[in-house]
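Quick notes on the structure that follows.
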Amino acid sequence: MADQSPRYISNLTRDTYALILAGGRGSRLHELTTWRAKPALYFGGKFRIIDFPLSNCINSGIRRVGVVTQYKSHSLIRHLVRGWGHFKKELGESVEILPASQRFSDSWYEGTADAVFQNIDIIRDELPKYVMILSGDHIYRMDYGTMLARHVESGAKMTVSCMSVPIEEAAGSFGVMSVDENFRINGFAEKPENPAPLPGDDSRCLASMGNYVFDTEFLFEQLRRDAETSGSQRDFGKDIIPSIIKDHPVYAFEFESTGGGDAYWRDVGTIDSFWEANMEMVAPVPQLNLYDQKWPIWTYQEQLPPAKFVWEDHDRRGEAINSVVSGGCIISGSTLRGTICFSNVRVHSYGLIEDAVILPDVEIMRHCKLRKVLLDRGCVIPEGTVIGYNHDDDRARGFRVSEKGVVLVTREMLGQPVGGLSTN
C-alpha cells in the first residue's frame, strides 16, 4: 500500500497540474446565464460557483491551475483576475486563464476532451506527472490529495471521481460507472434509464462527478488518438472513457465528505436545483459548512460595510429570520424569512420576503410581498409588487416559473435597462 503521509501526498499534489473546465453555458438555467457562464453564477451569499473547485485545489495543495473559459466569459475572467490573480509563478503557483484560442484547429472547444487537447502545449510546459481535469460548475468540498494517492496506489492510468447515489436519482440524470469489487471500471453509460448497481448494493450506483486524474503521458496519447478519430464528440464521458476501460486500468474513486458527515455535491444546473442549493445555506446547520476555517472557500469580495437592520415599530421592523444576509445590505422595516441576500441588497419598509434568493445589488421598494423567488442581480422591484402568490399572474407579467414553483425575475423581465450590470 502506498505511503499516505502528508509529505507523500504533498509531493503528489506538487507534481499535479489541474485544469478546470469553466466554459459551460448552463442553458437549463435560462435567463440566469444569458449574460454569464454558469461557473460565474453567484452562490451561497458571497461566492461564485468557480470558487469551489479553485478553493479545493488550493486547500488540497494543488497550486498550478488553468481555468478553461469559452461561453460569455467576461464576468468569469474579471472575477478570476480580481480574486485569484495574486499567485506567484516564480514560487511554482499560478491560476491561469485559458480562453479558447484555436491553437490546434479553427474551431472553438468542441467538447471536454477537445478543451484539454487544445491546451496540451500549456500543460506540457508545466511538466506535471499527473493532470487533474475538473468540472467548473459544481458545488462541493473535496480533498483532491486523497484521490491522487488512490490513483497512484491502484496503478491506474486514469481515475474517475464518483459519488454513490440512489439508482432512482441517477436514472436519466448522471453518467454511471460499472465497477468490479476492486472498483476497476468495466463499463460506462451516459444517463442510463436503468443504471448498473454497485457490487453488493442493488439500491445504489456510482455517478460520475466529471473529475478525472490522468498520468500525463497517457492523457496526451488518448487526446491525440481521439482528435484523429472520425465521429468522436471529443468528450471524456462519451468517448475517452468507453474507449480505454477494456485495455487500460481505469478506476473509480468514491467521493467522501471533507470534514465529516454525508458527502455534499450539487449540480446546480437548473432553476430549481440552484434555488434549492442556496436555500440549504439558511438551515441552522447546513450540510455544506461554509464556516469551516479548516477548509475555507476563497473568493473576491468588495470591501463593504456590515449588514444593517433598522426600525422597530409595531408594524415596521427590520428583521431576518432563518436567513443569510451579506455585507452592504440594509433591511429597512421589512421581514425576511428563509431568505439569502447577496451583497448590497436594499429592502425598504413594510415588506414580507419569504424563501427568496436575492442576488447582489437588488433593491426592493416598499409594501412588496415576495415568496419563493429568485431575483437576478440589479433588479429593482417596484413598490407594492406581489410575486409568488399566483403563478398565472407571474407568468402573465413575463416572469419564469420553474417546475417546482420558483419564480425567476430579471431586469429584462421588469423592463429595466441592463446597463453596466449586463455581464456580472
Quiz item: With distance as the sole criterion, is a donor-acceptor pair present between the side chains of Tyr251 and Arg184 under 3.5 Å?
Solution: no
Practice problem: Evaluate the side-chain proximity of Leu375 to Val345: yes if any heavy-atom separation is below 4.5 Å, no if none is. | Solution: no
Quiz item: Is there side-chain contact between Glu221 and Lys157, with at least one heavy-atom pair below 4.5 Å?
Solution: no
Quiz prompt | Whether Arg64 side chain and Arg14 backbone form a donor-acceptor pair below 3.5 Å | solution = yes
Quiz item: Looking at Asp355 and Lys372, does any basic side-chain N land under 4.0 Å from a carboxylate oxygen?
Solution: no
Quiz item: Okay, side chain of Ser402, backbone of Ile271: is any donor-acceptor separation there less than 3.5 Å?
Solution: no
Self-check item: Any donor-acceptor pair under 3.5 Å from Asn56 side chain to Tyr140 backbone
Solution: yes
Practice problem: Without swapping roles, check the side chain of Asp267 against the backbone of His138 for a donor-acceptor pair under 3.5 Å. | Solution: no
Exercise. If a pair satisfies ring pair (Phe, Tyr, Trp, His ring centres under 6.0 Å) and one of its residues is in residues 145-166, list it, with sequence neighbours excluded.
Key: Tyr130-His151
Self-check item: Minimum side-chain heavy-atom gap Phe117-Asp226 below 4.5 Å
Solution: no
Self-check item: Heavy-atom donor-acceptor pair, Glu31 side chain to Thr410 backbone, under 3.5 Å
Solution: no
Quiz item: With no hydrogens and no angle check, is any side-chain donor or acceptor of Arg48 less than 3.5 Å from a backbone partner on Ala40?
Solution: yes
Self-check item: Residue pair Glu280 / Pro286, side-chain heavy-atom distance below 4.5 Å
Solution: no
Exercise. Output yes when a side-chain donor or acceptor of Asp202 lies under 3.5 Å from a complementary backbone atom of Pro197, and no otherwise.
Key: no
Practice problem: Could you please spell out the steps behind the side-chain hydrogen bond (donor to acceptor under 3.5 Å, both in side chains) verdict for Tyr109 and Asn119? | Solution: CA-CA 10 Å; Tyr109 298 142; Asn119 289 286; 3.1 Å; yes
Quiz prompt | For Glu254, all residues meeting salt bridge (charged side-chain N to carboxylate O under 4.0 Å, His left out), sequence neighbours excluded | solution = none
Quiz item: Are any side-chain N or O atoms of Arg204 and backbone N or O atoms of Ser164, one a donor and one an acceptor, separated by less than 3.5 Å?
Solution: yes
Practice problem: Give a yes/no verdict on a cation-pi contact between Arg141 and Tyr264, requiring under 6.0 Å between NZ or CZ and the six-membered ring centre and an angle within 45° of the axis. | Solution: no
Practice problem: Work out which heavy atom in Leu206 is nearest to a heavy atom in Cys162; give both atom names and the distance. | Solution: CD2-CB, 3.9 Å
Quiz item: Would you find a donor on one side and an acceptor on the other, under 3.5 Å apart, between the side chain of Arg411 and the backbone of Arg377?
Solution: yes
Practice problem: For residues 127-140, pull every pair meeting salt bridge (charged side-chain N to carboxylate O under 4.0 Å, His left out), keeping only residues two or more places apart or in separate chains. | Solution: Lys38-Asp137
Quiz item: Just checking, any donor-acceptor pair under 3.5 angstrom between side chains of Arg225 and Ser243?
Solution: yes
Quiz item: Considering only heavy atoms from C-beta outward, does the side chain of Val357 approach that of Tyr42 to under 4.5 Å?
Solution: no
Quiz item: Taking only residues two or more places apart in sequence or in another chain, which ones pass salt bridge (charged side-chain N to carboxylate O under 4.0 Å, His left out) with Arg63?
Solution: Glu93
Quiz item: Does anything in residues 212-232 pair up under ring pair (Phe, Tyr, Trp, His ring centres under 6.0 Å), and if so which pairs, sequence neighbours excluded?
Solution: Tyr212-Phe236, Phe214-Phe236, Phe218-His248
Quiz item: Given the rule in the side chain to side chain contact (heavy atoms under 4.5 Å, CB included) test, do Thr339 and Leu370 qualify, once you have shown the distances and angles that lead to the verdict?
Solution: CA-CA 11 Å; Thr339 289; Leu370 310 179; over 6 Å; no
Quiz item: Any side-chain heavy atom of Thr16 within less than 4.5 Å of one from Tyr144?
Solution: no
Exercise. Please list, chain by chain and in numerical order, all residues satisfying salt bridge (charged side-chain N to carboxylate O under 4.0 Å, His left out) with Lys246, sequence neighbours excluded.
Key: none
Quiz item: Aromatic ring centroids of Trp298 and Phe87 under 6.0 Å?
Solution: no
Quiz item: Hey, is the main chain of Lys46 close enough, under 3.5 Å, to the side chain of Gln301 for a donor-acceptor pair?
Solution: no
